[in-house]
2 protein chains.
Amino acid sequence: MTESPESRCADSRAIALRLAALSHPARIEILKRLSASSCCSCREVVDHLDLAQSTVSQHLKILVEAGLVRFEADRQRSRYAVDHNALAGVSALLTELVNSCCPAPKRQD
Amino acid sequence: MTESPESRCADSRAIALRLAALSHPARIEILKRLSASSCCSCREVVDHLDLAQSTVSQHLKILVEAGLVRFEADRQRSRYAVDHNALAGVSALLTELVNSCCPAPKRQD
DNA sequence: ATCGTCCATCGGCGATAGACGATGGACGGT
DNA sequence: ACCGTCCATCGTCTATCGCCGATGGACGAT
């Protein structure tokens with residue numbers, strides 16, 4: 001056990017934060033769109049999403065701040081791209097959580 | 001491709017809903033606690049969480065409604081237990097999403 | 001019958017999320 | 001120089017979240 005009582009709390013907060021970034025349909029859709037064309041401008045996403053430009057921009061910002069999407073300013077055209085590693089990392093974190101919950105291979109009867 | 005345009009939207013909503021249930025530190029902690037002792041009363045969680053009983057009860061309800069925790073009323077003592085399958089299912093969904101985002105082994109130039 | 005415990009639910013409150021339109025800056029084209 | 005496009009940010013509005021205390025129902029014990 002490398003987990004102290006407080007670090008478990010911190011862990012929970014950390015994973016909760018990342019999952020929160022993913023817990024919105026629009027953001028999931030955005031991720032799919034981004035990955036579909038490897039790199040997207042905001043406009044591209046807006047066209048596809050049926051949301052106002054400002055709203056999409058905000059969602060993108062949230063994804064960037066969560067570290068799931070990388071942003072690169074290309075002149076006036078913004079370029080957003082999925083950070084595959086980070087995304088995989090979140091998935092791994094969740095898997096880890098699930099495993100820590102599921103196995104419990106300690107007999108107790 | 002077995003995905004229609006609308007079903008993709010529905011997919012996003014479905015996974016977002018489940019992830020939302022997981023995107024709160026307290027609920028993560030609750031899951032850990034539940035799995036630690038295989039089955040918990042509300043009281044047990046309250047003692048451990050440093051939150052009001054009503055608050056914990058609400059979080060438990062959210063987890064139950066998300067299908068991640070099963071509820072069984074045992075007399076006056078409530079019994080909550082992690083639904084390992086459901087939890088694994090969410091993890092699988094996320095993994096699937098990540099994979100659908102990452103690989104993209106289609107050359108396009 | 002009465003009390004104590006456990007718990008779900010209600011009502012209220014402050015904070016936050018999510019949506020939008022408007023604004024203004026940066027840039028390309030004419 | 002003047003538009004048109006793209007985009008981030010701001011301000012605003014509403015709905016929802018997260019928390020709490022209070023309430024009341026169900027049950028066990030005395």
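Below, chains carry the letters A, B, ... as their sequence lines are ordered, and counting in each starts from 1. Side chains included, hydrogens not; waters and symmetry mates left out as well; all remaining heavy atoms used. Owing to the predicted nature of the structure, the values given are computational and were not obtained by experimental measurement.
Side-chain nitrogen and oxygen atoms of A:Ser57 include at least one within less than 4.0 Å of the OP1 or OP2 phosphate oxygen of D:dA8. Neither OP1 nor OP2 of D:dC7 sits under 4.0 Å from any side-chain N or O of A:His59. The side chain of B:Tyr80 contributes an N or O atom lying less than 4.0 Å from OP1 or OP2 of C:dA8. In terms of phosphate contacts, B:Arg27 brings a side-chain nitrogen or oxygen within less than 4.0 Å of OP1 or OP2 of D:dG18.
At least one side-chain heavy atom of A:Thr95 sits less than 4.5 Å from a side-chain heavy atom of B:Thr95. Using a 4.5 Å cut-off on side-chain heavy atoms (C-beta onward), A:Leu87 and A:Leu31 make contact. At a threshold of 4.5 Å between non-hydrogen side-chain atoms, the residues A:Leu68 and A:Val82 do not count as touching. The shortest side-chain heavy-atom distance between B:Val56 and B:Glu44 does not fall under the 4.5 Å cut-off. With contacts defined as side-chain heavy-atom distances shorter than 4.5 Å, the pair A:Val64/A:Arg70 does not qualify. By the 4.5 Å heavy-atom criterion applied to side chains, A:Arg33 and A:Cys40 are counted as neighbours.
For A:Gln58, taking side-chain heavy atoms from C-beta onward, the closest of the listed nucleotides C:dC7, C:dG11, C:dC20 is C:dC20. With D:dG18, C:dC7, C:dG21 as the candidates, the nucleotide lying closest to the side chain of B:Ile62 is D:dG18. Checking C:dC6, D:dC19, C:dA19 against every side-chain atom of B:Arg43, the shortest atom distance belongs to C:dC6. Which of C:dG18, D:dA8, C:dC20 sits closest to the side chain of A:Phe71 comes down to D:dA8. Side-chain proximity of A:Ala52 to C:dG21, C:dA8, D:dC20: nearest is C:dG21. When distances are taken from the side chain of B:Ser78 to each of D:dC10, D:dC19, C:dC7, the shortest belongs to C:dC7. Nearest to the side chain of A:Ser41, among C:dC20, D:dC7, C:dA8, sits D:dC7.
Between the NZ atom in B:Lys61 and the OG atom in B:Ser54 there is a gap of 12.5 Å [rounded to 0.5 Å].
Across the protein-nucleic acid pair, A:Arg77 atom CZ and C:dG28 atom C1' stand 11 Å apart, rounded to whole Å. Between the CG atom of B:Leu51 and the P atom of C:dC7 there is a distance of 15 Å, rounded to whole Å. A straight line from NZ of B:Lys61 to P of C:dC10 spans 7 Å, rounded to a whole angstrom. Straight-line distance from the CZ atom of A:Arg79 to the C1' atom of D:dA8: 18 Å, rounded to whole Å. Across the protein-nucleic acid pair, B:His24 atom NE2 and C:dA15 atom P stand 16 Å apart, rounded to whole Å. We find that CG of B:Asp47 is positioned 13 Å from P of C:dT5, with the value rounded to whole Å. The distance between atom CG of B:Leu49 and atom P of C:dC7, rounded to the nearest whole Å, is 14 Å. Atom CG of B:Asp50 is separated from atom P of D:dC20 by 8 Å (rounded to the nearest Å).
Residue pairs meeting the salt bridge (Lys or Arg N to Asp or Glu O under 4.0 Å) criterion with at least one partner in residues 17-27 of chain A, sequence neighbours excluded, are absent.
Where the helix from C:dA1-D:dT30 to C:dT30-D:dA1 starts and where it ends, the local axes point in directions that differ by 10°; five pairs per end, rounded to 10°.
Between the base of C:dG18 and the side chain of A:Thr55 there is no donor-acceptor pair shorter than 3.5 Å. In this model, a side-chain donor or acceptor of B:Gln53 finds a partner on the base of C:dA8 within 3.5 Å.
The minimum heavy-atom distance between A:Leu22 and B:Leu94, with the atom names listed, is CD1-CD1, 3.9 Å. Across every non-hydrogen atom of B:Ser35 and A:Ser100, the tightest pair is OG-O, 4.1 Å.
In this model, no donor atom of one side chain and acceptor atom of the other lie less than 3.5 Å apart for B:Ser78 and B:Ser41.
Looking at residues 14-23 of chain A, you'll see that no heavy atom sits under 4.0 Å from any atom of DNA chain D.
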